Amino acid sequence: VSTSHLQLAAFALGTVGWILCTVSMGIVEWRVWHVDNTTIISSGIAWVGIWKVCFISYLHVSPGYEEQFCHKLSGYESFIPHEIYAAQGLLLIAMCMGLLGLSATVFALRNVYMGITHKTLITRFFLVGGFFYILAGLCVLIPVSWNFYSVTHNQSITFPPSYYMPSSPAAQEAGAAIPIGIVAVILLLLSGTFSLSYRFPVTANTITK
C-alpha cells in the first residue's frame with residue numbers, strides 16, 4: 001500500500017480531469033462572438049459551442065424579459081468547421097477513454113488495498129489505466145488547441161440564414177470551455193504519468209536459522 005500513493009493521486013486527478021472533460025463537452029461557451037448587429041442578437045453576444053449555438057434575444061418576448069435561442073449543430077451540416085467536427089468526436093472518445101482509465105485504476109487499487117499480491121495483474125492494470133488517461137488527455141488537447149487557434153485568428157463560420165448568426169463576428173474570445181479543457185488535459189496527463197510510474201515492491205526472502 002505504501003508504494004501506491006502516487007497511483008491513488010492518479011485516480012483522484014483522473015476523476016477530476018474526466019469530470020472537467022465532460023463539463024467542457026457539454027457547455028456552449030467554446031467561442032464568444034461579439035456582433036455589431038443587435039436586431040436579433042439583442043445582447044450583442046453569441047456563444048458557439050460544439051453541439052449548439054446560442055444567443056439572447058428580446059424579440060417576441062414581453063417587455064423586461066429575455067429569452068435564449070439555441071440552434072443544434074448537426075453532424076451532417078456542411079458549414080460546420082473541421083475543428084468543431086473534431087471536438088465532437090474526440091471529446092466523446094476522451095470521455096470513454098477516461099472512464100476506462102478510471103476503471104483500470106480502481107481495479108488495481110482494489111487489489112493493492114485488499115492485499116492481493118499479484119504482481120503482473122496489478123502492474124498491468126496500472127499501466128493500462130495510465131495509457132487510457134494519456135490517450136484521453138491527448139483527445140482533449142487536440143480540439144481545445146484547434147478551437148483556441150480559430151478564436152485567436154478570428155475565423156468565421158458561414159451559418160445558414162435560419163440561425164440568425166453573422167458569418168463573422170466583430171471580435172471573438174475563448175469561452176469558459178477552453179480553459180476548463182486545458183485543466184482537464186493537465187490533470188489527465190498527470191494521472192497517466194503517475195499510473196505509469198508504478199513499480200511493484202521488491203521483497204527479499206530471508207532465511208532464519
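Just so it is clear, the model here is predicted, and its values are computed rather than measured.
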Pair Tyr133, Thr105: side-chain N/O donor-acceptor within cut-off below 3.5 Å: yes
side-chain hydrogen bond (donor to acceptor under 3.5 Å, both in side chains) involving Glu83 - partner list, sequence neighbours excluded: Arg31, Ser150
side-chain hydrogen bond (donor to acceptor under 3.5 Å, both in side chains) against Tyr163, all qualifying residues, sequence neighbours excluded: Glu77
Atom OH of Tyr149 with >12 non-hydrogen neighbours under 6.0 angstrom: no
For Cys54, disulfide (SG to SG under 2.5 Å) partners two or more places apart: Cys70
List the atom pairs, with distances to 0.1 Å, where a side-chain N or O of residues 166-189 and a protein N or O form a donor-acceptor pair under 3.5 Å, not counting sequence neighbours.
| unit_1 | atom_1 | unit_2 | atom_2 | d |
| --- | --- | --- | --- | --- |
| Gln172 | OE1 | Trp33 | NE1 | 3.2 |
| Gln172 | NE2 | Asn154 | OD1 | 3.1 |
| Gln172 | NE2 | Gln155 | O | 2.9 |

Side chain to side chain contact (heavy atoms under 4.5 Å, CB included) partners of Phe131, counting only residues at least two apart: Leu135
Any donor-acceptor pair under 3.5 Å from Trp30 side chain to Asn147 backbone: no
Any Val28 side-chain heavy atom under 4.5 Å of Trp51 side chain: no
Exam field: side chain Ser197 to backbone Phe194, donor-acceptor pair closer than 3.5 Å: yes
Which residues share a side chain to side chain contact (heavy atoms under 4.5 Å, CB included) with Phe125, sequence neighbours left out: Ala104, Phe107, Ala108, Leu121
Approximate separation, where rounding is to 0.5 Å, of Leu102 CG and Trp18 CH2: 7.0 Å
Lys52 backbone acceptor or donor facing Trp47 side chain under 3.5 Å: no
Leu196 CG to Leu127 CG distance, which is reported to the nearest 0.5 Å: 6.0 Å
Note, Val23 side chain near Met25 side chain (heavy atom, < 4.5 Å): no
